[in-house]
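Quick notes on the structure that follows.
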Amino acid sequence: MTDMQNAILFHQYDISPFSEKVRVAFGIKGLTWHAVDQPVIMPKPELTALTGGYRKIPVMQIGADVYCDTQIILRELEKRYPTPSLFVGGDRGLGWGMGLWTDRVLFQAAVAVIFGTTDGFADEAFMKDREKLMGRPFNADEMKAGAPMLMEQLRAQLDWLNEQLGDKRAFLMGDKAGIADVNAYYNLAFIRWIAPVGSAVIDTFSNVTAWEKNIQDIGHGDRKELGREEALDIAKATTSTEAQVADPGEPNGLKPGDQVHVMADDYGRDPIAGELVSSSPQHVAIKRNDPRVGDVVVHFPRAGFFVMKTA
Ligand SMILES: N[C@@H](CCC(=O)N[C@@H](CS)C(=O)NCC(=O)O)C(=O)O
């Protein structure tokens with residue numbers, strides 16, 4: 001167990017595009033990690049024992065620290081494994097901001113093109129699950145009707161990437177891969193996995209197809225496999241390394257010891273309850289207890305999440 005207390009346990013599934021974002025970051029940093037495969041739809045009892053109800057994929061666990069959302073996962077990887085850095089030149093701030101474009105606007109275009117042009121990908125159980133997640137009906141006909149508009153949106157955004165790569169650079173920010181690449185690339189991988197119509201749109205951009213190949217050559221680092229129950233045993237046997245830190249600029253006066261709820265501002269908004277341990281402009285950590293895993297500290301980003309004092 002001691003050798004596993006600092007191991008990267010990555011709760012994921014292979015066809016998860018957001019997981020692909022982090023897998024490429026593992027590759028850039030040359031990390032060894034353990035894939036803990038989770039179901040594609042609810043229930044996910046082992047995952048929610050760790051997170052307190054957050055159900056999205058991926059989640060990274062290191063001992064009794066649990067990182068929800070790719071933004072905080074990348075931040076933690078950069079903190080623990082600073083070299084090679086994901087920040088390859090002048091993008092330390094804007095690299096993060098770009099994530100909200102790629103994870104929302106570009107991702108929504110990719111999803112719409114995939115579901116609007118590809119039949120037979122989603123079965124009944126998957127559609128019902130995603131309806132619950134999104135809080136709106138999964139309407140295949142509507143998606144088909146909207147596909148031409150979203151194809152146009154997708155093409156426009158791919159064209160930005162193509163222009164950025166116009167001087168034949170290997171990666172978006174130059175000759176090294178970094179946060180811009182991981183943020184953008186997984187959307188294209190998602191389309192390639194499922195949607196021939198979307199793939200054909202990507203194929204019209206020759207700089208982009210060369211860049212996809214460069215990213216694929218990086219690989220995913222050193223992947224090992226671990227069972228879900230074993231991951232829970234590791235959480236139970238370890239203690240969080242997160243220190244209590246006050247956040248003097250906290251806009252709503254929240255402080256360590258406060259009971260709070262954290263929730264995503266987009267979809268999968270299940271509120272997660274816990275006691276605030278530390279916070280900053282980019283991070284909030286809350287402590288919670290579950291009989292299966294004991295005390296764990298769950299970490300979220302601030303951009304894209306709300307933190308509210310529990311009434
Ligand atoms: N903002 C989240 C988005 C994560 C996300 O939407 N993940 C998808 C899978 S790639 C998901 O959780 N879908 C529902 C599910 O798998 O239950 C992040 O950056 O991690």
Side-chain angles (χ1 to χ4, degrees), residues 8-26 35-61 66-78 86 95-115 121-123 125-136 138 179-195 220 228 262-272 282-284 298-307:
I8 297 171
L9 313 185
F10 189 58
H11 299 262
Q12 62 125 47
Y13 48 85
D14 285 347
I15 197 166
S16 148
F18 281 92
S19 299
E20 181 68 5
K21 183 205 270 201
V22 179
R23 291 187 295 244
V24 174
F26 290 148
V36 183
D37 282 331
Q38 293 287 343
V40 176
I41 61 174
M42 292 295 269
K44 308 184 190 189
E46 297 92 354
L47 184 72
T48 51
L50 282 168
T51 63
Y54 181 87
R55 61 155 293 181
K56 289 190 215 168
I57 297 291
V59 166
M60 181 174 78
Q61 174 195 349
V66 178
Y67 300 89
C68 298
D69 192 286
T70 55
Q71 200 191 137
I72 201 72
I73 294 173
L74 295 184
R75 190 172 288 279
E76 191 61 26
L77 288 178
E78 185 71 12
L86 292 173
W96 294 116
M98 177 202 173
L100 287 195
W101 157 48
T102 56
D103 293 3
R104 297 191 177 206
V105 184
L106 179 56
F107 180 66
Q108 288 314 324
V111 167
V113 166
I114 289 169
F115 289 109
F121 168 64
D123 64 16
F126 179 86
M127 289 193 281
K128 285 259 160 323
D129 180 82
R130 293 310 194 254
E131 283 187 353
K132 261 209 178 121
L133 174 73
M134 306 305 290
R136 59 168 189 269
F138 191 106
I179 193 154
D181 302 281
V182 301
N183 276 339
Y185 171 75
Y186 75 89
N187 286 292
L188 283 73
F190 193 24
I191 293 169
R192 294 280 193 203
W193 294 338
I194 300 167
H220 288 162
R228 295 199 287 267
V262 181
M263 66 188 270
D265 73 357
D266 48 2
Y267 54 93
R269 295 163 59 112
D270 320 78
I272 317 304
Q282 302 300 343
H283 172 237
V284 59
V298 190
H299 305 249
F300 300 90
R302 296 301 284 266
F305 283 78
F306 298 132
V307 185

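In listed order, ligands and their atoms are each counted from 1. Everything quoted here is computed from the prediction, not taken from an experiment.
Considering backbone and side-chain N/O atoms, Ser16 never comes within less than 3.5 Å of an N/O atom of ligand 1. Residue Asp266 has no N or O atom closer than 3.5 Å to an N or O atom of ligand 1. Inclusion of Thr70 in the set of residues having an N or O under 3.5 Å from an N or O of ligand 1 is warranted.
For ligand 1 and Pro17, the ligand atoms under 4.0 Å from any heavy atom of the residue are 10 (S). Proximity to Val40 (heavy-atom distance under 4.0 Å) selects the following atoms of ligand 1: 15 (C), 16 (O), 17 (O).
Using a 30° and 60° split on the angle between ring planes, Tyr54 and Phe305 fall in the tilted class, from 30° to 60°.
Residues passing the side-chain hydrogen bond (donor to acceptor under 3.5 Å, both in side chains) test with Thr51: none are found, sequence neighbours excluded.
Note on ligand 1: Lys44 sits in its first shell, one or more heavy atoms being nearer than 4.0 Å. Ligand 1 does not have Phe190 within reach: every non-hydrogen atom of the residue lies 4.0 Å or more from it. Ligand 1 has no atom lying under 4.0 Å from any heavy atom of Phe107.
Under the 3.5 Å distance criterion, with hydrogens and angles disregarded, a donor-acceptor pair is assigned to the side chains of His220 and Glu20. Side-chain atoms of Asp181 and Tyr186 include no donor-acceptor pair closer than 3.5 Å. No hydrogens or angles considered: a donor-acceptor pair under 3.5 Å links the side chains of His11 and Gln61.
Of the protein's non-hydrogen atoms, Asp69 OD2, 2.7 Å is the one closest to atom 1 (N) of ligand 1. The shortest contact between atom 6 (O) of ligand 1 and any protein heavy atom is with Tyr267 OH, 2.5 Å. Ranking the protein heavy atoms by distance from atom 13 (N) of ligand 1 puts Arg130 NH2, 3.8 Å first. With respect to atom 9 (C) of ligand 1, the closest heavy atom belonging to the protein is Tyr13 OH, 3.4 Å. When only non-hydrogen protein atoms are considered, atom 12 (O) of ligand 1 lies nearest to Ile57 N, 2.9 Å.
With a 4.0 Å cut-off on non-hydrogen atoms, Arg55 touches ligand 1 through its backbone as well as its side chain. Contacts with ligand 1 closer than 4.0 Å are made by side-chain heavy atoms of Leu133 only, the backbone lying farther away.
Using a 4.5 Å heavy-atom threshold, the side chains of Val262 and Phe306 count as separate.
Checked against the 6.0 Å centroid threshold, Phe300 and Tyr67 do not count as a close aromatic pair.
Within the structure, salt bridge (Lys or Arg N to Asp or Glu O under 4.0 Å) pairs that include any residue of residues 8-17 comprise Asp14-Arg223 (at least two apart or interchain).
Taking 4.0 Å as the cut-off between side-chain N and carboxylate O, Lys44 and Asp129 do not count as a salt-bridged pair.
Going from atom CD1 of Ile15 over to atom CD1 of Ile194 covers 4.0 Å, rounded to the nearest 0.5 Å.
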